[in-house]
Amino acid sequence: MIRLAVTGTGMLVQEILPVLTEMEEIEVAALCGTGRSEDTVKKLCIQYDIPMGFTDYQHMLRTEELKEIDAVYLAVPNDLHYSMAAEALEAGMNVFLEKPFTSNAKEAEKLIALAGKKRLFLAEAISNQYSPVYATVRKLLPKLGNIRMVNCNFSQYSSRYDRFLSGECPRVFDPKYSGGALMDLNCYNLHFAAGLFGKPVQVGYYANMDRGIDTSGTVHLQYDGFQCLCTGAKDCSGPGELLIQGTKGYLLLQTKANVLEGPVILHDNRTGETKVIETEKESHRVVPEFRAFARMLEEKDYEQCTARQEETLLVCRILDQARQSAGICFPADER
């Protein structure tokens with residue numbers, strides 16, 4: 001079991017705290033918010049029996065009790081990922097960092113180098129890479145023959161989009177805070193594709209832009225011999241779908257790329273046979289990723305950590321190329 005300090009009190013943390021507190025591999029030993037979220041911190045600590053609550057991140061990192069903590073999990077706004085992860089690493093803490101890992105690849109490289117220098121574990125909390133369904137897809141890929149087309153769609157109307165239309169600028173739609181559909185939703189599609197097929201030959205992003213931010217768009221990944229289209233939208237909604245087409249058949253998942261729920265449908269072009277392949281379902285999409293991170297730490301599996309970092313770096317570089325092709329610039333890009 002590892003002892004975890006959870007940082008952040010937003011929707012994601014409130015969704016997964018009941019899951020983490022029930023996992024045998026995890027003990028949530030601390031929760032950190034901000035001064036504005038003090039009441040929420042107190043409420044969640046009482047609700048989930050979390051022994052330590054903080055409203056100042058730097059104070060938490062300096063406190064004597066943190067020496068008993070194995071890692072910090074950061075679920076904070078995108079633009080804070082780099083600085084807060086760097087502070088934790090400098091304090092000697094292992095870090096599990098929510099997606100998107102950083103605002104750009106340069107920041108990712110710096111964090112990974114710092115973690116390596118200090119011999120600490122640093123990994124991205126990206127749910128689909130640890131999913132048993134994803135492992136099933138990887139295992140079935142050879143049955144498709146030569147891959148020719150891949151389509152990934154994660155479109156989900158944002159609860160904040162109406163505010164954006166009214167003239168407000170929530171963080172998730174603000175380039176100052178590394179927002180946009182690409183960074184929020186489409187990064188899941190890119191992890192799905194890059195984890196299976198590696199580095200593309202060329203990257204282009206065709207986005208619907210409004211006030212300098214992408215509210216939706218499609219990334220075109222050109223590979224040697226096939227095309228991959230990754231669509232992410234926060235200004236409209238649609239069914240999640242992941243479709244991989246090859247010369248011998250296709251794989252279809254009728255699910256969004258972050259959860260990878262449901263069966264994998266395998267079609268054989270030659271026989272016309274379609275199989276529905278079920279995979280054992282976890283209680284929540286984050287369980288496999290936190291279980292894997294806990295195992296990395298307990299077994300000191302630096303090899304697996306390095307493999308995860310390499311895949312994260314690849315996606316960060318694809319995100320950079322995509323944003324550059326669409327003319328999207330974050331303040332962090334200038335650092």
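The closest donor-acceptor contact from the side chain of Arg171 to the backbone of Gly179 lies at 3.5 Å or more, if one exists at all. Side chain of Gln14 to backbone of Thr9: a donor-acceptor contact under 3.5 angstrom is found. With Glu168 contributing its side chain and Arg163 its backbone, the two residues share no donor-acceptor pair below 3.5 Å. Remark: side-chain polar atoms of Asp214 are not paired, donor with acceptor, to backbone N or O of Gly217 under 3.5 angstrom. Side-chain atoms of Asn128 do not come within 3.5 Å of backbone N or O of Leu260 as any donor-acceptor pair. Judged by distance alone, with hydrogens and angles left aside, the side-chain atoms of Ser37 form no donor-acceptor pair with the main-chain N or O of Gly33 at under 3.5 Å. Asp79 contributes no side-chain N or O that, together with a main-chain N or O of Ser178, makes up a donor-acceptor pair within less than 3.5 Å. Within the 3.5 Å criterion, the main-chain N or O of Ala322 finds a donor-acceptor partner in the side chain of Ser325. Judged by distance alone, with hydrogens and angles left aside, the side-chain atoms of Asn151 form no donor-acceptor pair with the main-chain N or O of Leu243 at under 3.5 Å.
Under the 4.5 Å side-chain heavy-atom criterion for grouping Ile, Leu, Val, Met, Phe, Trp and Tyr, Val28 is not connected to Leu74 through any hydrophobic cluster. Residues Leu229 and Leu221 do not share a hydrophobic cluster, clusters being chains of Ile/Leu/Val/Met/Phe/Trp/Tyr side chains in contact below 4.5 Å. Hydrophobic clustering of Ile, Leu, Val, Met, Phe, Trp and Tyr side chains at less than 4.5 Å, counting indirect connections, unites Ile26 with Val13. Leu97 and Leu17 are assigned to two separate hydrophobic clusters, defined by single-linkage of ILVMFWY side chains at heavy-atom distances under 4.5 Å. Both Val150 and Leu190 are assigned to one and the same hydrophobic cluster, defined by single-linkage of ILVMFWY side chains at heavy-atom distances under 4.5 Å.
Glu90 has its side chain out of reach of Glu87: every pair of non-hydrogen atoms, C-beta onward, lies at least 4.5 Å apart. Taking 4.5 Å as the limit, some side-chain heavy atom of Met183 sits within range of a side-chain heavy atom of Phe330. Put simply, the side chain of Gln202 does not reach to within 4.5 Å of the side chain of Gln321, judged on heavy atoms. Annotation: side chain of Pro175 is not in contact with side chain of Cys329 (no heavy-atom distance under 4.5 Å). Val6 places a side-chain heavy atom less than 4.5 Å from the side chain of Leu4. Ile265 has its side chain out of reach of Leu253: every pair of non-hydrogen atoms, C-beta onward, lies at least 4.5 Å apart. Side-chain contact between Thr306 and Glu310 is present, with heavy atoms from C-beta onward closer than 4.5 Å. A 4.5 Å side-chain heavy-atom check between Tyr57 and Val72 finds at least one atom pair inside the cut-off.
A ring-centre distance under 6.0 Å is not found for Phe121 and Phe293. The ring of Tyr157 has its center closer than 6.0 angstrom to the ring center of Tyr161. Separation of the Phe96 and Phe290 ring centroids falls under the 6.0 Å cut-off. Residues Tyr223 and Phe226 bring their aromatic ring centres within 6.0 Å.
Exactly one residue among Leu266, Ile244, Ile277 makes a side chain to side chain contact (heavy atoms under 4.5 Å, CB included) with Val137. That residue is Ile244. The side-chain hydrogen bond (donor to acceptor under 3.5 Å, both in side chains) with Thr215 is formed by just one residue from the set Asp210, Asp235, Asn208; it is Asp235.
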Quiz prompt | Criterion side chain to side chain donor-acceptor pair (under 3.5 Å) on Glu311 and His191, from CA distance to verdict | solution = CA-CA 8 Å; Glu311 195 262 339; His191 271 282; 2.9 Å; yes
Practice problem: Starting from the C-alpha separation in whole Å, work towards a yes-or-no answer on side chain to side chain donor-acceptor pair (under 3.5 Å) for Thr231 and Thr218. | Solution: CA-CA 4 Å; Thr231 297; Thr218 297; 2.8 Å; yes
Self-check item: Criterion side chain to side chain contact (heavy atoms under 4.5 Å, CB included) on Leu242 and Phe192, from CA distance to verdict
Solution: CA-CA 9 Å; Leu242 301 159; Phe192 180 87; 3.9 Å; yes
Practice problem: Take Leu122 and Asn94 through the test side chain to side chain contact (heavy atoms under 4.5 Å, CB included) and record every step on the way to the result. | Solution: CA-CA 6 Å; Leu122 168 70; Asn94 301 300; over 6 Å; no
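No more than 12 heavy atoms of other residues, nucleotides or ligands shown are found within 6.0 angstrom of CD on Glu280. Counting heavy-atom neighbours within 6.0 Å of Glu299 CD, excluding the residue itself, gives a total above 12. In this structure, Arg160 places its CZ atom where only 12 or fewer heavy-atom neighbours from other residues, nucleotides or ligands lie under 6.0 Å away.
A salt bridge is absent between Arg295 and Glu298; no separation between the charged side-chain nitrogens and carboxylate oxygens falls under 4.0 Å. Salt-bridge formation is detected for the pair Glu27/Arg3: a Lys NZ or Arg NE/NH1/NH2 atom is positioned less than 4.0 Å from an Asp or Glu carboxylate oxygen. The existence of a salt bridge linking Arg323 and Asp333 is confirmed by a sub-4.0 Å separation between a basic side-chain nitrogen and an acidic carboxylate oxygen. A salt bridge links Arg317 to Glu109: one of the charged nitrogens lies within less than 4.0 Å of a carboxylate oxygen. The pair Lys67-Glu64 meets the salt-bridge criterion, since a charged nitrogen lies less than 4.0 angstrom from a carboxylate oxygen. In this structure, Asp184 pairs ionically with Lys99, as a charged nitrogen and a carboxylate oxygen lie closer than 4.0 Å.
The distance from atom OG1 of Thr312 to atom CD1 of Ile126, rounded to the nearest 0.5 Å, is 8.0 Å. Atom CG in Asn186 sits 6.0 Å away from atom SG in Cys230 (nearest 0.5 Å). If you take NZ on Lys43 and CD on Glu38, they are separated by 15.0 Å, rounding to the nearest 0.5 Å. A distance of 11.5 Å separates CD in Gln47 from CG in Asp49, rounded to the nearest 0.5 Å. One finds the SG atom of Cys169 at 6.0 Å from the CZ atom of Phe164 (value rounded to the nearest 0.5 Å). In this structure, CG in Leu114 is found 7.5 Å from CG in Leu120, a value given to the nearest 0.5 Å.
Closest non-hydrogen pair, Gly53 versus Val41, comes out as CA-CG1, 3.9 Å. Closest of all the heavy-atom pairs between Pro263 and Val276 is CB-CG1, 3.4 Å. Pairing each heavy atom of Ile318 with each of Ala194, the nearest pair is CD1-CB, 4.1 Å. Ala193 and Cys228 make their closest contact through CB-SG, 3.8 Å (heavy atoms, listed as atom of the first residue, atom of the second, distance). The two residues Ala125 and Glu98 come nearest to each other via the heavy atoms O-OE1, 3.4 Å. The two residues Leu12 and Ala75 come nearest to each other via the heavy atoms CD2-CB, 4.4 Å.
The aromatic rings of His220 and Tyr206 lie tilted to each other, with the angle between the two planes from 30° to 60°.
Among residues at least two apart or in separate chains, side chain to side chain donor-acceptor pair (under 3.5 Å) pairs with a member in residues 237-262 are Gln156-Lys256. Sequence neighbours left out, the pairs with a member in residues 130-146 that pass side chain to side chain donor-acceptor pair (under 3.5 Å) are Gln129-Tyr134, Thr136-Thr279.
Under 3.5 Å, the side chains of His81 and Thr102 contain no donor-acceptor pair of N or O atoms.
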